[in-house]
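The structure under discussion appears below in the form of structure tokens.
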Amino acid sequence: MIDIRLLRSDPDSVKAALTRRGEDTSGLDQIIGLDARQRALASKRDDVRNEIKNVSRQVGGLHRDGKPDEATELQAQSRELGAQEDVLAAEVDELASEIHEILLRVPNLPSDDAPEGLTESDNVVIRHEHWDPDAYSDHQRVPHWEIGEQLGILDAERGTKLSGSMFVMYSGMGATLCRALIQYGLDRNADAYREMRPPTLVKTATMVSTGHLPKFEEDAYHLERDDLWAIPTAEVPLTSFCRDEVLDEADLPMKLMAHTSCFRREAGSAGRDTRGLLRVHEFDKVELLSYATRDQAPEVHADILARAEAAITDLGLSYRVLDLCAGDLGGSSARTFDLEVYAPGTDQWLEVSSVSWFSDYQARRANVRYRPTDEKGTRIVDTLNGSGLAVPRVWAGVVETHRQSDGTISIPEVLQPYMRGATTIG
RNA sequence: GGAAGGUUGCCAGAGCGGACGAAUGGGGCGGCCUCGAAAGCCGUUGUGGCCUCCGGGUCACCGUGGGUUCGAAUCCCACACCUUCCGCCA
């Protein structure tokens with residue numbers, strides 16, 4: 001959630017920032033108007049309450065002093081004030097919730113550093129790593145779904161039989177490779193990130209905190225009977241890990257990581273990139289997340305990005321780094337770098353990590369604060385996160401990149417200890 | 001799923017209709033004492049909103065949401081969560 005006080009004091013800069021996203025900012029004037037009315041009425045309501053308190057105190061005193069007649073008189077007066085208060089309070093509450101509803105749907109202000117632009121095509125490729133377009137041989141030009149079928153390690157048909165399209169089943173060494181990637185993704189970050197294993201089903205409030213609700217309700221699986229949501233990423237439970245808590249500045253930056261299943265309905269993307277592992281409803285991912293002060297945020301952002309890159313590099317994969325333009329940023333993000341692995345078999349760049357800085361947008365929703373060591377009061381933390389390793393697309397990248405001329409796959413050295421020492425698949 | 005008990009400030013814990021934003025103890029912070037420390041003594045110590053002539057004023061918050069009342073931490077109702085027991089279960 002953006003800070004309504006900023007909107008109040010400097011509406012033009014808020015509008016300018018949101019315009020960079022391509023947002024329609026006409027709703028903001030509505031908020032400003034509602035906010036002014038809300039505050040005026042609230043102040044009136046408080047005055048009435050103050051009066052009621054005073055009168056009631058006097059009633060108590062009169063009873064003690066044995067003057068019940070005078071007390072009765074004052075009680076009538078207070079009752080009248082009470083009626084006024086009810087009317088005012090109802091109006092204030094209604095305005096407040098109206099403002100809150102609108103505000104929950106206003107996206108974060110993009111960082112000044114985020115590139116100008118409105119669509120995917122305006123994203124800036126800031127670098128390519130380990131990539132040489134001419135370095136690939138014909139035996140690497142086989143899409144992973146074909147490799148998976150040839151080697152019996154990916155069973156798309158049965159995945160569909162069990163759960164429908166865009167659900168997959170890994171088999172044999174394919175499943176082992178999944179698990180290896182997960183452990184590899186966790187172990188290599190265990191030096192600085194505390195491993196967590198949060199619930200995969202969460203309450204509505206938990207989804208609201210990250211910004212996944214109410215705006216993106218269609219993208220999430222909802223278990224109506226229990227009013228629980230299947231998390232689309234571990235970012236959701238980890239961001240709410242410290243919800244409604246006040247942290248010590250000394251504990252920041254707090255760095256957490258978790259492997260979870262992730263569930264996405266992918267509404268509106270039917271028929272797009274649906275082959276193989278490019279887009280699936282359920283997948284595994286290792287997520288890195290941090291709570292930080294505003295000053296610490298840039299360093300943490302760089303750290304998560306570096307770690308995500310190193311994990312891919314050590315798997316022998318090529319990738320590129322994108323700086324997302326203002327218009328292509330996720331609603332909660334102020335700045336995002338995407339990592340895209342090059343998959344030679346499908347000849348596509350596959351997004352495997354989104355490393356984002358959310359400023360205090362998510363933490364204001366989640367009410368995560370910290371107590372600065374050298375000043376009074378509390379401040380809202382910043383949150384940052386990124387995929388340490390997203391299994392299916394990395395799986396695809398590994399299988400296509402490391403396919404050898406005999407059709408087998410050579411397993412990257414870093415994964416071998418997690419695969420019972422195996423060096424090849426097939 | 002059933003039964004009982006519980007939820008108060010940083011922690012423990014009192015309060016059970018009126019001077020309670022909340023006793024008392026512990027902790028933290030500041031000071032006195034001391035070469036220094038401990039002990040002791042004194043003071044101080046929640047969060048948030050709005051307004052502010054920046055001195056302060058005012059409102060809200062005792063699990064959450066409603067209700068009763070002139071007045072609710074205190075009474076009533078519902079719900080959530082925790083603990084224990086029973087049932088079920090990997």
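Lettering follows sequence order; numbering is per chain, from 1.
- Residue A/Val59 has its side chain nearest to B/rC70 when only B/rC70, B/rC50, B/rC59 are considered.
- We find that NE2 of A/His63 is positioned 11 Å from C1' of B/rU69, with the value rounded to whole Å.
- The interatomic distance linking A/Ile380 (CD1) with B/rG49 (C1') rounds to 13 Å, in whole Å.
- On the P atoms, B/rG67 is 15 Å away from B/rA73, given to the nearest whole Å.
- If you check B/rG18, B/rG71, B/rC50 against the side chain of A/Ile52, the one that comes closest is B/rG71.
- Remark: the separation of the P atoms in B/rG55 and B/rA72 is 34 Å, to the nearest Å.
- Whole-Å rounding puts the A/Asp35 CG to B/rG49 C1' distance at 11 Å.
- When the P atom of B/rC50 is taken as reference, atom CZ of A/Arg49 falls 15 Å away, rounded to whole Å.
- Using atom P as the reference point in both B/rA14 and B/rU8, the two lie 11 Å apart (nearest Å).
- Between A/Arg369 and B/rG48 there is a side-chain N or O to OP1 or OP2 distance below 4.0 Å.
- Atoms CG (A/Asn54) and C1' (B/rU58) sit 11 Å apart, rounded to a whole Å.
- Taking atom P in both B/rC62 and B/rC88, one finds a spacing of 41 Å when rounded to whole Å.
- Shown here, B/rU44 forms a base pair with B/rG28; the pair counts as Watson-Crick or G-U wobble because both key distances fall under 3.5 Å.
- For B/rA37, there is no paired nucleotide, since no Watson-Crick or G-U wobble pair has both relevant distances below 3.5 Å.
- OP1 or OP2 of B/rC59 has at least one side-chain nitrogen or oxygen of A/Asn50 nearer than 4.0 Å.
- Applying the 4.0 Å criterion to OP1 and OP2 of B/rU47, one finds that A/Arg371 has a side-chain N or O inside that range.
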Item to check | Check against side-chain contact (heavy atoms from CB on, under 4.5 Å), A/Leu288 and A/Lys255 | outcome: CA-CA 7 Å; A/Leu288 305 180; A/Lys255 295 179 171 180; over 6 Å; no
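- At least one donor-acceptor pair under 3.5 Å links the side chain of A/Glu400 to the backbone N or O of A/Thr346.
- Taking the C1' atoms as reference points, B/rA23 lies 13 Å from B/rG9, given to the whole Å.
- Judged by distance alone, with hydrogens and angles left aside, the side-chain atoms of A/Arg265 form a donor-acceptor pair with the main-chain N or O of A/Glu218 at under 3.5 Å.
- Pair assignment for B/rA78: B/rU64, on the basis of Watson-Crick or G-U wobble contacts that are both within less than 3.5 Å.
- Evaluation of atom-type donor-acceptor distances gives no pair under 3.5 Å for the side chain of A/Arg45 against the base of B/rA60.
- Nearer the 5' end of RNA chain B, as judged by each residue's closest nucleotide, is the contact made by A/Asp93, out of A/Leu74 and A/Asp93.
- B/rA4 sits 24 Å from B/rC89 when the P atoms are compared, rounded to a whole Å.
- A donor-acceptor pair under 3.5 Å is absent between the side-chain atoms of A/Arg45 and the main chain of A/Leu88, judged by distance alone.
- Regarding A/Glu245, its CD atom lies at a distance of 16 Å from the P atom of B/rU47, rounded to whole Å.
- Look at A/Asp284 and A/Arg179 and you find no salt bridge, because none of the NZ, NE, NH1 or NH2 atoms lies under 4.0 Å from a carboxylate O.
- In terms of phosphate contacts, A/Thr378 brings a side-chain nitrogen or oxygen within less than 4.0 Å of OP1 or OP2 of B/rG48.
- In this entry B/rG21 has no Watson-Crick or G-U wobble partner, no candidate having both defining distances under 3.5 Å.
- Nucleotides B/rC86 and B/rG48, compared at atom C1', are 44 Å apart to the nearest Å.
- Across all strands shown, B/rC88 forms no Watson-Crick or G-U wobble pair with both distances under 3.5 Å.
- In this structure, A/Arg39 and A/Gly377 both approach RNA chain B, and ranking their closest nucleotides by distance from the 5' end singles out A/Gly377.
- Regarding A/Lys203, its NZ atom lies at a distance of 11 Å from the C1' atom of B/rG63, rounded to whole Å.
- For the OP1/OP2 pair of B/rC70 and a distance below 4.0 Å, the side-chain nitrogens and oxygens of A/Arg79 include at least one atom meeting the criterion.
- Nucleotide B/rG9 has no partner under the Watson-Crick or G-U criteria, as no pair reaches both atom distances under 3.5 Å.
- With a 3.5 Å ceiling on both atom-pair distances, the Watson-Crick or G-U wobble partner of B/rU83 is B/rA4.
- A/Phe263 and A/Trp229 have their aromatic ring centers separated by at least 6.0 angstrom.
- Residue A/Arg8 has a polar side-chain atom (N or O) positioned under 4.0 Å from OP1 or OP2 of B/rC50.
- Side-chain contact annotation: A/Ser359 with A/Asn108, donor-acceptor N/O pair under 3.5 Å present.
- Spacing between atom CG of A/Asp244 and atom C1' of B/rG46 amounts to 15 Å, rounded to whole angstrom units.
- Residue A/Lys53 places at least one side-chain N or O closer than 4.0 Å to OP1 or OP2 of B/rA60.
- Taking syn as a glycosidic angle within 90° of 0, B/rG46 does not qualify and is anti.
- Classification of the A/Trp395-A/His144 ring pair by plane angle, with boundaries at 30° and 60°, yields perpendicular.
- Contacts of A/Ser78 with the nucleic acid, taken as non-hydrogen atoms under 4.0 Å apart, involve only primed sugar atoms and P, OP1 or OP2.
- For the P atoms, the distance from B/rA90 to B/rC81 is 24 Å, rounded to whole Å.
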